[in-house]
Novice: 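I am attaching a structure below and will ask some questions about it afterwards.
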Amino acid sequence: QVQLAESGGGLVQVGGSLTLSCAASGRAFSTHAVGWFRQVPGKEREFVAGISWNGGNIYYSDSVKGRFTIARDYAKNMAFLQMSSLKPEDTAAYYCAATTYGCSGSECTEDTDYHYWGQGTQVTVSS
């Protein structure tokens, strides 16, 4: 079992930066791939970024490519999402997710690929 807890959300101005953190419990987290998703009320959850269990495969949605960076720290059992050049359309609740799939040879971009989810953290970008 893996439990996830996001933090770092908040209010930021257009063009600003924010880093989200995802703290995981359980040693198994190091063998799990990690993804970040976001959701706006009334819309489906959207894939943002993913990293394979070994960190060798990193991928992003087109909407955030070049602006967001996903990373993980195995020693601290954490994952991160660095967000820069933020836009109003980035406003959403952001969720960290983990999967027992390795996601090394393919990209895990569907929410059904993931088995564990955090409670979410709100990011609001003001213009």
Side-chain angles (χ1 to χ4, degrees):
Q1 280 282 357
V2 173
Q3 293 183 322
L4 306 171
E6 303 94 337
S7 61
L11 177 65
V12 63
Q13 291 188 331
V14 168
S17 300
L18 206 59
T19 296
L20 304 182
S21 300
C22 175
S25 66
R27 289 178 293 177
F29 182 68
S30 64
T31 63
H32 286 46
V34 175
W36 284 93
F37 289 75
R38 63 188 182 187
Q39 189 169 25
V40 175
K43 293 190 175 182
E44 291 187 355
R45 193 154 45 189
E46 174 192 17
F47 169 79
V48 174
I51 184 168
S52 62
W53 74 275
N54 61 359
N57 189 21
I58 294 175
Y59 39 96
Y60 303 92
S61 68
D62 288 342
S63 61
V64 308
K65 198 173 295 182
R67 300 188 299 120
F68 289 14
T69 301
I70 188 172
R72 62 189 303 171
D73 185 325
Y74 293 93
K76 295 182 179 179
N77 236 25
M78 296 186 71
F80 305 93
L81 184 68
Q82 295 177 296
M83 307 183 295
S84 62
S85 302
L86 283 162
K87 305 175 182 179
E89 51 264 43
D90 294 319
T91 295
Y94 282 73
Y95 297 88
C96 173
T99 174
T100 57
Y101 302 147
C103 306
S104 293
S106 61
E107 297 180 356
C108 299
T109 61
E110 301 294 328
D111 56 3
T112 52
D113 290 332
Y114 293 84
H115 304 103
Y116 307 103
W117 293 85
Q119 81 289 350
T121 186
Q122 179 67 34
V123 172
T124 302
V125 183
S126 65
S127 55

Novice: Do V12 and S126 have side-chain heavy atoms sitting under 4.5 Å apart?
Specialist: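 No, their side chains stay 4.5 Å or more apart.
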Novice: Atom CD1 in I51, atom SG in C108: separation rounded to 0.5 Å?
Specialist: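 So the CD1 of I51 and the SG of C108 are separated by 12.0 Å.
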Novice: Could you tell me if the side chain of W117 sits less than 4.5 Å from the side chain of D111, heavy atoms only?
Specialist: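 Yes - at least one pair of side-chain heavy atoms lies under 4.5 Å apart.
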Novice: How far apart are the closest heavy atoms of A33 and G102, and which atoms are they?
Specialist: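 Taking A33 first and G102 second, the nearest heavy atoms are CB-O, 3.5 Å.
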Novice: Show your reasoning for whether side chain to side chain contact (heavy atoms under 4.5 Å, CB included) applies to T91 and V40.
Specialist: CA-CA 7 Å; T91 295; V40 175; over 6 Å; no
Novice: Nearest 0.5 Å, please: how far is CG in N54 from OG1 in T31?
Specialist: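 CG of N54 is found 11.0 Å from OG1 of T31.
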Novice: Could you walk me through whether Y95 and E6 pass the side chain to side chain contact (heavy atoms under 4.5 Å, CB included) test, one step at a time?
Specialist: CA-CA 7 Å; Y95 297 88; E6 303 94 337; 3.9 Å; yes
Novice: With a 3.5 Å distance limit and no angle check, can you tell me whether T121 reaches the backbone of G9 through a side-chain donor-acceptor pair?
Specialist: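 Indeed, once roles are kept as given, a pair shorter than 3.5 Å links the two residues.
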Novice: Below 4.5 Å, heavy atoms only, C-beta onward: do L4 and H32 meet side chain to side chain?
Specialist: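 Counting from C-beta outward, L4 and H32 never come under 4.5 Å.
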Novice: Could you check whether the rings of F47 and Y59 sit parallel, tilted or perpendicular, using 30° and 60° as the cut-offs?
Specialist: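 Parallel.
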Novice: Walk me through whether K87 and D90 qualify under salt bridge (Lys or Arg N to Asp or Glu O under 4.0 Å).
Specialist: CA-CA 5 Å; K87 305 175 182 179; D90 294 319; over 6 Å; no
Novice: Side-chain heavy atoms under 4.5 angstrom apart, residues restricted to Ile, Leu, Val, Met, Phe, Trp, Tyr: same cluster for L20 and Y114?
Specialist: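 Different clusters: L20 never reaches Y114 through Ile, Leu, Val, Met, Phe, Trp or Tyr contacts under 4.5 Å.
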Novice: Check step by step if side chain to side chain contact (heavy atoms under 4.5 Å, CB included) holds for M83 and L81.
Specialist: CA-CA 6 Å; M83 307 183 295; L81 184 68; 4.0 Å; yes
Novice: As a quick check of understanding, evaluate side chain to side chain contact (heavy atoms under 4.5 Å, CB included) for M78 and S21, giving each step before the final call.
Specialist: CA-CA 7 Å; M78 296 186 71; S21 300; 3.8 Å; yes
Novice: Within the 4.5 Å heavy-atom criterion, are C22 and W36 side-chain neighbours or not?
Specialist: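 Yes, side chains in contact.
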Novice: With the side chain counted from C-beta on, respond yes when V14 and L86 share a heavy-atom pair under 4.5 Å apart, and no when they do not.
Specialist: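 When only atoms from C-beta onward are counted, L86 and V14 do not touch, as no gap falls below 4.5 Å.
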Novice: Could you tell me if R72 sits above the aromatic ring of F80, with its cationic atom closer than 6.0 Å to the ring centre and no more than 45 degrees from the axis?
Specialist: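 Checked: cation-pi criterion not met.
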Novice: Rounded to the nearest 0.5 Å, how far does CZ of R67 lie from CD of Q82?
Specialist: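 CZ of R67 is found 14.0 Å from CD of Q82.
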Novice: Answer whether the closest heavy-atom distance between the side chains of V48 and Y60 falls below 4.5 Å.
Specialist: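 Answer no - side chains too far apart.
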Novice: Any idea how Y94 and F68 line up, ring-wise: parallel (<30°), tilted (30 to 60°), or perpendicular (>60°)?
Specialist: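 Tilted, since the angle between the ring planes falls between 30° and 60°.
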Novice: Side-chain contact, heavy-atom cut-off 4.5 Å: R38 with S63?
Specialist: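 Touching, per the 4.5 Å side-chain cut-off.
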Novice: So, do H115 and Y101 have ring centers that fall under 6.0 Å from each other?
Specialist: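 When the ring centroids of H115 and Y101 are compared, they turn out to be within the sub-6.0 Å range.
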Novice: Evaluate whether atom CD of E44 has more than 12 neighbouring non-hydrogen atoms of other residues, nucleotides or ligands under 6.0 angstrom away.
Specialist: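 Open: at most 12 neighbouring heavy atoms sit under 6.0 Å from CD of E44.
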Novice: Have S30 and W53 got a donor and an acceptor in their side chains that come within less than 3.5 Å?
Specialist: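 No, W53 and S30 have no side-chain donor paired with an acceptor closer than 3.5 Å.
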Novice: Does some side-chain heavy atom of F37 sit less than 4.5 Å from a side-chain heavy atom of E110?
Specialist: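 They are not in side-chain contact.
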Novice: How far apart are the closest heavy atoms of A79 and V34, and which atoms are they?
Specialist: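 Distance-wise, the nearest heavy atoms are CB-CG1, 3.8 Å.
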Novice: Step through the shown structure and confirm whether more than 12 heavy atoms of other residues, nucleotides or ligands are within 6.0 Å of CD on Q119.
Specialist: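 Yes, the 6.0 Å shell around CD holds more than 12 heavy atoms from other groups.
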